[in-house]
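Quick caveat: nothing in here was measured; it's all calculated off a predicted structure. Letters go in sequence order (proteins before strands), and every chain restarts at 1.
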Amino acid sequence: MKPSIPRGTRDFGPDEMVKRNYIFDTIRASFRKYGYLPLETPSMENLSTLMGKYGEEGDKLIFKILNSGDFLEKADADALANKDSKKLTAGISEKALRYDLTVPFARFVVMHQNEITFPFKRYQIQPVWRADKPQKGRYREFYQCDADVIGTTSLLNELELIELFDEVFNNLGLRVKVQINNRKILSGIAEILGEADRIIDITVAIDKLDKIGVDKVKAEMLSKGVSESAVNSLQPLLEFSGSHDQKLELLKKMLQSSEIGMKGIAEIEEIFGYTKALAFKKVNLEFEMTLARGLNYYTGAIFEVKVDDTRSSFTSSICGGGRYDDLTGIFGLNGMSGVGISFGADRIYDVLEEAGLFPADATLSTKVLIVNFGGEDLAYGLEILRTLRNNSVYTELYPDAVKMKKQMGYADARNIPFVILAGSDERNSREVTLKNMSDGTQQKIKLDQLADLLK
RNA sequence: GUGAUUGUAGCUCAGUUGGUUAGAGCGCCUGAUUGUGGUUCAGGAGGUCGAGGGUUCGAGACCCUUCAUUCACCCCA
C-alpha cells in the first residue's frame, strides 16, 4: 500500500525545518525581549472547554476525539437512531484538539490564578488543528505563535502588541499592514440600528465590504433578517470614502447616542494617540472599520495583519488578535481582561518563500566534512573531528571509507562549504588539505591552526 | 458544507479522432577518473497510467463510481 498523510497536514524535511526554525526563533526572541514568558498546554482539551468560544462556524471546525473503549455503549440511543450527529457527538466525544492558543491560555489562567502574578504576559508557540477544507495558505494543522497579556485593561498593551508586530516583521524583513478596529464600535453600530442581537451577522457582512461591494453587503444583511431601515441607515458609512480621521468623525456623529460605540472610538483614538510619537519600521497601522473577525470572544480592539509587499501574492491575513474582556468568565474567573496577538507561522513561511526573504545563512548546517580514508588515517581523521568540534566548528566525518567521489558528492549535495582531506602525507606532517567547495581551491594547513581558520 | 480543477517514472510534464513494446527533461545509479564534488561523455535502473467497475476486437485516452489534489466560496492564521 502507498503511504500517505491526512489532507491538510504536511511533513517538513530538513530544508523546510531550517527555515521554519528561523521564523520561530525570530518570533520567540522578540517575545522574550518584550517580557513574555513561555507556556505550553496539551494538544487536546476537554471538548466543553473549547465549544462555544469560536462562533457557530468555529465550533464545526473543532477536531473531536472519539472516546476510547466501547463508546457506542454510552451513546445517546435516540441520537444514534435519528442520525443526529450533533447530539450524538456530546456522548461519544469528550476531548478535542485545540483550535487556537487563546482559549487554552484562558483555561490555564483560571486553573492557576493563585500562582500567577498579574498582569501575566505569556507567549506560546504550538500547533493548532482545524477541520477546514485545505486550500492556499490554509492547513488543517498549523503553528500559531501567540503573545497575550492578561489582567490589565491598559491600552498600552495594545500599543505594545503593535510594536511587537513591527519588531518581528522588521526582523523578518517584511512590510505589513496592521489593521485595527474595535468591537465596541461594531456593537455601537448594531445598537443604533436597533439590531443589537444581530451584531455577528452585521459585522460578518460588513467585513466583506471591500471584497463584494456595498450592494451585496446590504443584500447579505437583509437575508440574515436585518431590517431594511437599519440597512439603509448604514448606507452612508458603507459608501464613505475619506481619510481615516474623517471616517472616525462620521462614526462619532452616527454613534453619539451609543455609549459603547463612543467608548470604542475613544479607545481607537487613544491607541492612535500613543503611536503618534512612534516611527514604525515595517508596520503601516490603519483604522479599518470593516474589520470584524468571527471569533466570538473579542470585545475590544481587534487586529489583523496583511502582507504589504509586491513580491507576495498573499491576500489573506498572516496574523490576528484582539482584546477579550471576559474569556475567563466562562471558567469562573471574572474581571480578567486580556489582549493578545497571534502570528501565523505557516502563512508567514509561504510569504517569505514567495518573496525570497529567507536569508542564505539560515540554511547552513555542517561547515566541514572530513573525508574518511580508513585504515591508519581514520584515527587522524577522528582527531581532526574532535579538535574542530571542541572549537564549535560544525563538523562531520564521513562514516564509511568509501570512494572519494562518493564522499565529495555527499559534501556537494549537502552544501557543505569545506572538505578536509587527511591521508598519510598530511598525517605524517600534522597537516590537513582544506578544500573550498565553492571555488575549488585547496591548501595545506597545520592542524593546530585549522580551528582558528574555520571559526 | 457548496462549486470547479487535476491525477501518467522520485520531481515537472508530453502522450494526436481509442490501435502493437507508454515518452522527454531534471533527479538517481554505474563507468570514463584507485586522493577530488559541482561541468562533460558513455551506459543503466525506475510505470498496476490514483483505485474499482463498464463500453470495445482493442482503453493512459470514452462512460460510471470512488479516493486524492489544487483553487474559489464560507471561515480564518
> Between A/Lys208 and A/Glu220, does at least one N-O distance fall below 4.0 Å, as a salt bridge requires?
yes
> B/U70 and B/G7: how far apart are their P atoms, nearest whole angstrom?
14 Å
> For the rings on A/Phe165 and A/Phe343, is their centre-to-centre separation under 6.0 Å?
yes
> Is A/Lys403 near enough to B/U30 that one of its side-chain N or O atoms lies under 4.0 angstrom from OP1 or OP2?
no
> If the P atom of B/U8 is compared with that of B/A51, how far apart are they to the nearest Å?
10 Å
> Let me spell it out: for each of A/Asp132 and A/Phe373, pick the nucleotide of RNA chain B with the closest heavy atom. Which residue's pick is nearer the 5' end?
A/Phe373
> Side chains of A/Gln442 and A/Thr433: is there a donor and an acceptor less than 3.5 Å apart?
no
> For B/U40 versus B/G15, give the span between their C1' atoms, rounded off to a whole number of Å.
31 Å
> Quick one: which of B/G38, B/C76, B/U36 gets closest to the side chain of A/Asp412?
B/G38
> Could you state the atom-to-atom distance from CD1 of A/Ile341 to P of B/C76 in whole Å?
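It is 18 Å, rounded to the nearest whole Å.
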> If we require ring centres under 5.5 Å and near-parallel planes under 30°, does A/Phe343 stack on B/A77?
no
> In whole Å, what is the span from the NZ atom of A/Lys60 to the C1' atom of B/C74?
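To the nearest whole Å, that distance equals 9 Å.
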> Less than 4.0 angstrom from a charged side-chain N to a carboxylate O is my criterion; do A/Arg130 and A/Asp100 meet it?
no
> I'd like to know if the side chain of A/Asn171 pairs up with that of A/Thr26 as donor and acceptor (distance under 3.5 Å, no hydrogens or angles considered).
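No, because no side-chain N or O of A/Asn171 sits under 3.5 Å from a partner of the opposite role on A/Thr26.
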> Give the nucleotide from the list B/C75, B/A32, B/G1 with an atom nearest to the side chain of A/Lys133.
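Among the listed nucleotides, the one closest to the side chain of A/Lys133 is B/G1.
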> Considering only atom P, compute the distance from B/A32 to B/C13 and round it to an integer number of Å.
37 Å
> From the options B/G35, B/G1, B/G37, select the nucleotide whose nearest atom is closest to the side chain of A/Glu426.
B/G35
> Rounded to whole angstrom units, what separation is found between the CZ atom of A/Arg138 and the C1' atom of B/A77?
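Going from A/Arg138 (CZ) to B/A77 (C1'), I get 11 Å.
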> Taking only side-chain N and O atoms of A/Gln135, does any of them lie within less than 4.0 angstrom of OP1 or OP2 on B/A72?
yes
> I want to verify a distance call: between B/A77, B/G35, B/G37, whose nearest atom is closest to the A/Met408 side chain?
B/G37
> Could you tell me how far apart A/Asp11 (CG) and B/C11 (P) are, to the nearest whole angstrom?
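Taking CG of A/Asp11 and P of B/C11, I get 14 Å after rounding.
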> Which whole number of Å gives the distance between the P atom of B/G60 and that of B/U5?
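Comparing P positions in B/G60 and B/U5 gives a spacing of 23 Å.
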> Taking only Lys NZ, Arg NE, NH1 and NH2, and the carboxylate oxygens of Asp or Glu, determine whether A/Glu383 and A/Arg430 approach each other closer than 4.0 Å.
yes
> With side chains defined as the heavy atoms from C-beta onward, is the minimum distance between A/Glu286 and A/Lys177 less than 4.5 Å?
yes
> Rounded to the nearest angstrom, tell me the gap between atom CZ in A/Phe165 and atom P in B/A77.
11 Å
> Is the shortest side-chain N to carboxylate O distance from A/Glu396 to A/Arg414 below 4.0 Å?
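Yes, charged N to carboxylate O under 4.0 Å.
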> Using the P atom as the reference point in each nucleotide, state the distance between B/A77 and B/U39 in Å, no decimals.
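Pairwise P distance, B/A77 against B/U39, rounds to 46 Å.
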> What residues in residues 436-445 of chain A put a non-hydrogen atom under 4.0 Å from any atom of RNA chain B?
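Only A/Met437, A/Ser438, A/Gly440, A/Gln442 qualify.
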> Please report the distance, rounded to the nearest Å, between CG in A/Leu369 and P in B/G38.
15 Å
> Please give, in whole Å, the distance from B/G35 P to A/Lys406 NZ?
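Interatomic distance, NZ of A/Lys406 to P of B/G35: 17 Å.
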> When the P atoms of B/A24 and B/U66 are compared, how many Å lie between them, rounded to an integer?
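Result for the P pair: 37 Å, nearest Å.
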> Which sits closer to the 5' end of RNA chain B, A/Met404 or A/Gln144, going by the nucleotide each is nearest to?
A/Met404
> Heavy atoms under 4.0 Å, any strand shown: does A/Leu421 hit a base, just sugar-phosphate, or nothing?
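Counting heavy atoms under 4.0 Å across all strands, the contact made by A/Leu421 includes a base.
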> Would you kindly say whether A/Gln235 and A/Lys218 are connected by a side-chain donor-acceptor distance under 3.5 Å?
yes
> Once you apply a heavy-atom cut-off of 4.0 Å, does A/Lys208 come out as touching a base, just sugar-phosphate, or nothing?
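Here A/Lys208 touches the backbone only, sparing every base.
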> Could you check how far NZ of A/Lys405 sits from P of B/C41, rounded to whole Å?
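Spelled out: NZ on A/Lys405 to P on B/C41 is 14 Å.
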> To the side chain of A/Arg7, which of B/U69, B/G1, B/A77 is closest?
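Output: B/U69.
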> Answer with base, sugar-phosphate or nothing: what part of the nucleic acid does A/Tyr410 contact at a heavy-atom distance below 4.0 Å?
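Nothing: the residue A/Tyr410, judged by heavy atoms under 4.0 Å, touches no strand.
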> Considering only the P atoms, how many Å lie between B/U21 and B/G27, rounded to the nearest integer?
31 Å
> Which part of the nucleic acid does A/Gly423 contact within heavy-atom distance under 4.0 Å: base, sugar-phosphate only, or nothing?
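Base contact.
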> Name the closest nucleotide to the A/Glu57 side chain, picking from B/A77, B/G37, B/C74.
B/C74
> Taking the six-membered ring of A/Tyr123 (Phe, Tyr or Trp), confirm whether the NZ or CZ of A/Arg28 is under 6.0 Å from its centre and within 45° of its axis.
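Negative - A/Arg28 is either too far from the ring of A/Tyr123 or too far off its axis.
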> Looking at A/Asp309 and A/Arg175, is any side-chain nitrogen of the basic one under 4.0 Å from a carboxylate oxygen of the acidic one?
no
> How does RNA chain B read in dot-bracket, base by base from 5' to 3', with Watson-Crick or G-U pairs under 3.5 Å and | used when the partner is on another strand?
((((.((..((((.....[...)))).(((((.......))))).....(((((..]....))))))).))))....
> With a 3.5 Å cut-off and no angle check, do the side chains of A/Asn182 and A/Tyr298 form a donor-acceptor pair?
no
